[in-house]
Protein chains: 2
Amino acid sequence: MRPRPVVVVLEGTHPVRRLERVRELAEVRVVQQEGLVQALDGADVLYLWDFFSGALPAAWHAAGSLRWLHCAAAGVDRLLFPELVASDVVVTNAHGVFDAPMAEYVLAAMLHAAKGFGPLRDQQREATWVWREGRNIAGTRALVVGTGSIGRHTARLLRAVGVRVEGVGRVAAEHDDDFGRVHAAADLARLAGDVDWLVLVAPLTPATENLVDARVIGALPDAAVLINVGRGRLLDERALVSRLRDGTLAGAVLDTFAVEPLPPDNPLWSLPSVLVTPHMASNADSWRDDLAAQFERNFLLWSAGEPLPGVVDKALGYVPSTRH
Amino acid sequence: MRPRPVVVVLEGTHPVRRLERVRELAEVRVVQQEGLVQALDGADVLYLWDFFSGALPAAWHAAGSLRWLHCAAAGVDRLLFPELVASDVVVTNAHGVFDAPMAEYVLAAMLHAAKGFGPLRDQQREATWVWREGRNIAGTRALVVGTGSIGRHTARLLRAVGVRVEGVGRVAAEHDDDFGRVHAAADLARLAGDVDWLVLVAPLTPATENLVDARVIGALPDAAVLINVGRGRLLDERALVSRLRDGTLAGAVLDTFAVEPLPPDNPLWSLPSVLVTPHMASNADSWRDDLAAQFERNFLLWSAGEPLPGVVDKALGYVPSTRH
């Protein structure tokens, strides 16, 4: 009889769910950070239910038998330390789970800015009735930076409400089912001058860090709004703050920041044309259950020797899209 | 030669636009409120560019030659005084002009509530990072009260983003292209128990006044959100405030109120789960130009003896929908 595989679950604050079927087929070790090194001895699978944990690099020396690591998050930028990248360990992520909530957040962000709900909420606090016009989003132009599954879901949702969408990805494509057209990231500064919405959903990788630099931000039209649900370090925060402070950029809706939680003295908090949200764009309704169900599905595939979905290309730093 | 018709334009604060072609075919008298009585002498057409004006009843004695009245607004509840209703004067309104912005406002309101942007904005003012989950709107159930052109546009937009929509109208319909199903207003209290979003876009008429009474509001599930872009007097504001204050109703997004501007001491201003906006849902982008273009189109049709679009049924109090 083959020995049962060992699955280590790094649990964290929120109790892990739905391990019943995994336990039928594997020895499951649910641990907190401090128990990780010991638990990894002989482990085949590591399941980072605590997707924020930074405990793995220090425990890596004990992970010699590891074959598969599943992270219950979409962005794996903080996870991919050099030893993991160089190893044969297969890394999977929460591919697909966050597509719908992230796309809805982007649409919510657009409509929030278009209708002026931020300033109107501020007026409400003063019980002040000052009429102001909104904008329509139908017919406006959005450029979505990031053509993975979240970007594609976002593009489809925006097109469903009449927004004209194009994409920016690693590789340009003349014809794309979701984006119509995908531009190469190198063209971003040229493209930025012609958008109403610049939407960042890209993963953070060496290729995307500071992709939205001062030149790109400088090229945005005055009426444009920047929406970031990717990672804070995709953009030059200082350049963004500068234009927002000058009043030469209509606004920004930001869910992610170079430093999180956003420090209390960061100027983004107090700019009236900015909406700051606490990294919650992906978190709606049943997201924790969805993550748990995804690992269960993946584990059953892995046990059966089937290919895993959502495998991260560790050199690229994300799950490459299968559609063009 | 037939005499040129006389068109009286009640202008108000905002300069009227786009009368060039009208002037080619008619004698145009642009007046403020105080000049209305005199201008109406011999007038064929009255164009209420100042759609908020309440000046007409007092000037009605001078309107004996009037054949057509166009009001540059959607809701004509304040316009339809008994003498006008009893007269042969044809009344038209801004039918269609506000469909897109109103539908977008409703979607914006839903996403605002679903993502918790109101409380997040309040946190932002305190520079406080407190994570909270959002809700997805895809798959939720909206009941849209009002099946005119704004309600239909709203239904189509909500369905495009995955919301399950049904309608409530004067007359029930088993099959409806936009709503799937339309229920009779008499069933509202029964239906209200089974919705995530109760959306009011109906006109204010004797039949709709207080349609959303304490019984309907009492039947809404705790997680439901009420959105009102119709008229404040469609609902029992006191019953709504009571549930919101108790925390037994998730929230409300309100653009219209029984008394406008909303008085500073109205409790709606300070309820954190409420977004108050200053009757602006219909006002986006080129709405004034669109209103002006609509009157020009209508006037050319009228001059040519063609049927006018957007004719108000003065007994019903709105433009009856042509679709079922």
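Proteins get letters first, then strands, A, B, ... in listed order; numbering begins at 1 in each.
Among Arg125(B), Glu260(B), Gln123(B), the residue with the largest count of heavy-atom pairs under 4.5 Å with chain A is Arg125(B). Of the listed residues (Val161(A), Leu120(A), Asp122(A)), the one with the most heavy-atom contacts under 4.5 Å to chain B is Asp122(A). Interface summary for chain B: among Leu262(A), Leu275(A), Thr128(A), Val274(A), the most heavy-atom pairs under 4.5 angstrom belong to Leu275(A). Among Gly116(B), Pro261(B), Ser282(B), the residue making the largest number of heavy-atom pairs under 4.5 Å with chain A is Pro261(B). Most heavy-atom pairs under 4.5 Å with chain A, from the set Gly118(B), Ala281(B), Pro263(B): that is Gly118(B). Contact count against chain A (heavy-atom pairs under 4.5 Å) is highest for Glu104(B) among Glu104(B), Glu133(B), Met280(B), His279(B). Ranked by heavy-atom pairs under 4.5 Å with chain A, the first of Val253(B), Thr277(B), Ile137(B) is Ile137(B). Per-residue counts of heavy-atom pairs under 4.5 Å with chain A were compared for Lys115(B), Met110(B), Arg135(B), Arg121(B); the largest is that of Arg121(B).
More than 12 heavy atoms of other shown residues, nucleotides or ligands fall within 6.0 angstrom of atom CZ in Arg141(B). No more than 12 heavy-atom neighbours from other residues, nucleotides or ligands sit within 6.0 angstrom of CZ on Arg233(A). For Arg238(B), the CZ atom sits in a loose shell: 12 or fewer heavy atoms of surrounding residues, nucleotides or ligands are nearer than 6.0 Å.
Using the six-membered ring where Trp is involved, Phe117(A) and His112(B) have ring planes that are perpendicular, over 60° apart on the 30 and 60° scheme.
For residues 241-249 of chain A, heavy-atom neighbours of chain B at less than 4.5 Å comprise no residues at all.
Screening residues 262-275 of chain A for side-chain hydrogen bond (donor to acceptor under 3.5 Å, both in side chains) gives Glu237(A)-Asn266(A) as the qualifying pairs, with residues at least two apart or on separate chains.
Proximity to chain B (any heavy atom under 4.5 Å) is shown, for Leu158(A), by neither the backbone nor the side chain. With a 4.5 Å cut-off on non-hydrogen atoms, Arg159(B) does not touch chain A at all. Contact annotation for Leu107(B): both backbone and side-chain heavy atoms come within less than 4.5 Å of a heavy atom of chain A.
The CG atom of Asn136(A) sits 4.5 Å away from atom CG of Asp285(B), with the distance rounded to the nearest 0.5 Å.
Considering every non-hydrogen atom in both Pro264(A) and Ala127(B), the closest pair reads O-CB, 3.9 Å.
Using a 4.5 Å cut-off on side-chain heavy atoms (C-beta onward), Pro278(B) and Val130(A) make no contact.
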